Amino acid sequence: MGVTATPMVHMSGVQKWFGDLHVLQDIEFDVAAGEVVVVIGPSGSGKSTLCRAINRLEPINEGEIAIDGVPLPEEGKALAKLRAEVGMVFQSFNLFSHKTVLENVTLGPIKVLGKSKADADKRAIELLERVGVASQAGKLPAQLSGGQQQRVAIARALAMDPKVMLFDEPTSALDPEMIKEVLDTMVDLAKFGMTMVVVTHEMGFARTAADRVVFMADGRIVEQNTPDEFFTNPQSDRAQDFLGKILKH
Ligand SMILES: Nc1ncnc2c1ncn2[C@@H]1O[C@H](COP(=O)(O)OP(=O)(O)OP(=O)(O)O)[C@@H](O)[C@H]1O
């Protein structure tokens with residue numbers, strides 16, 4: 001019998017309602033270590049809610065969530081500690097406007113992980129180099145382009161040494177010419193073996209960078225497959241309809 005590796009992300013029996021709206025229905029969702037999963041689907045299908053539920057940023061009504069085999073409690077110090085293992089990048093960068101780029105990246109490691117300033121600075125510079133914005137380290141966020149700010153947000157998340165990175169529409173707020181630089185940074189992370197869950201409307205990224213595409217509609221995971229299979233041979237009516245609409249444009 002083969003040994004089954006512990007998934008990096010595990011969700012089972014997850015249910016979530018917003019009032020009468022059943023926005024996550026019977027979610028069974030595992031992500032393996034090093035896997036890149038891209039979540040797609042029509043507007044309002046629950047993609048962001050799923051992404052935010054992974055670290056309980058969005059509370060759920062029922063179900064279990066575990067990160068690297070450790071169940072995520074609903075609240076308290078243990079949740080805060082485990083949450084630090086899950087890096088999040090949102091549509092809006094949410095950088096501290098009065099702090100420099102470098103300080104934005106070192107804040108979490110110093111305050112939450114207890115790193116020395118020297119260690120945090122060294123690691124932050126490495127990460128800023130990796131995402132291509134080290135030359136901006138001393139500037140304030142407002143002095144950077146949107147694409148650069150989003151890459152700082154990625155470096156800030158990586159500085160916490162996360163086990164998994166969640167991206168919730170990371171390029172939706174960017175001008176077209178900046179989308180590519182952020183997607184390239186994400187492709188680079190994927191190549192380094194980072195476990196990633198990415199909610200995006202960028203089908204090019206889904207096709208080329210995903211190990212698996214998860215298609216959601218009406219709060220359910222309707223189907224999932226390799227990008228090649230999903231885009232050439234969608235199984236469900238909902239996915240065929242969705243692809244028909246978006247690929248026309
Ligand atoms: N805080 C909230 N209160 C009430 N309803 C909400 C809340 N957040 C989301 N919803 C609703 O839940 C459903 C799922 O929303 P969600 O943002 O997860 O969808 P999505 O697939 O990410 O959509 P999009 O692609 O447009 O971002 C939508 O109908 C949305 O209006």
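The structure presented is a predicted model; accordingly, all values stated were derived computationally and were not measured. All ligand and atom numbering here is 1-based and tracks the order in the structure.
Judged purely by atom type and a 3.5 angstrom limit, Ser92 has no side-chain atom pairing as donor or acceptor with the backbone of Asn94. The backbone N or O of Met216 sits nowhere less than 3.5 Å from a side-chain atom of Gln224 that would complete a donor-acceptor pair. The backbone N or O of Trp17 sits less than 3.5 Å from a side-chain atom of Asn61, completing a donor-acceptor pair. Side-chain atoms of Asp175 never come within 3.5 Å of backbone atoms of Glu177 as a donor-acceptor pair (strictly under, hydrogens ignored). Judged purely by atom type and a 3.5 angstrom limit, Arg56 uses its side chain to pair as donor or acceptor with the backbone of Leu72. With hydrogens and angles ignored, the 3.5 Å screen pairs no side-chain donor or acceptor of Gln136 with any backbone N or O of Val133.
When non-hydrogen atoms are compared, ligand 1 lies under 4.0 Å from the side chain of Leu21 (C-beta onward) but not from its backbone. The proximity of His201 to ligand 1, defined as any non-hydrogen pair under 4.0 Å, is limited to the side chain.
Atoms of ligand 1 lying under 4.0 Å from at least one heavy atom of Ser45, given by number and element, are 19 (O), 20 (P), 21 (O). Counting atoms of ligand 1 from 1 in the listed order, those under 4.0 Å from a heavy atom of Pro42 are 21 (O).
Within the structure, ligand 1 lacks Gly219 among the residues with a heavy atom less than 4.0 angstrom away.
Shortest contact from atom 9 (C) of ligand 1 to any protein heavy atom: Phe18 CE1, 3.4 Å. Closest to atom 16 (P) of ligand 1 among all protein heavy atoms lies Thr49 OG1, 3.6 Å. Distance from atom 27 (O) of ligand 1 to its nearest protein heavy atom, with residue and atom name: Glu169 OE2, 3.0 Å. If you check which protein heavy atom lies closest to atom 21 (O) of ligand 1, you get Lys47 NZ, 2.8 Å. When only non-hydrogen protein atoms are considered, atom 26 (O) of ligand 1 lies nearest to Ser43 OG, 2.6 Å. Scanning the protein for heavy atoms near atom 17 (O) of ligand 1, the closest one is Ser48 CB, 3.7 Å. With hydrogens left out, the protein atom closest to atom 13 (C) of ligand 1 is Gly44 O, 3.7 Å, a heavy atom.
Annotation: cation-pi pair Lys245/Phe242 absent, no NZ/CZ under 6.0 Å from the ring centroid and within 45° of its normal.
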Apply side-chain contact (heavy atoms from CB on, under 4.5 Å) to residues Ile154 and Met165 and explain how you reach the verdict. CA-CA 9 Å; Ile154 293 172; Met165 288 279 286; 4.2 Å; yes

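Side chains of Val89 and Leu166 form no contact here, defined as non-hydrogen atoms less than 4.5 Å apart.
At least one N or O atom of Gly46 sits closer than 3.5 Å to an N or O atom of ligand 1. For the pair Gly41 and ligand 1, the shortest N or O to N or O distance does not fall below 3.5 Å.
Distance remark: protein heavy atom not present below 4.0 angstrom from atom 31 (O) of ligand 1.
Judged by distance alone, the side chains of Glu223 and Ser236 do bring a donor and an acceptor atom under 3.5 Å apart.
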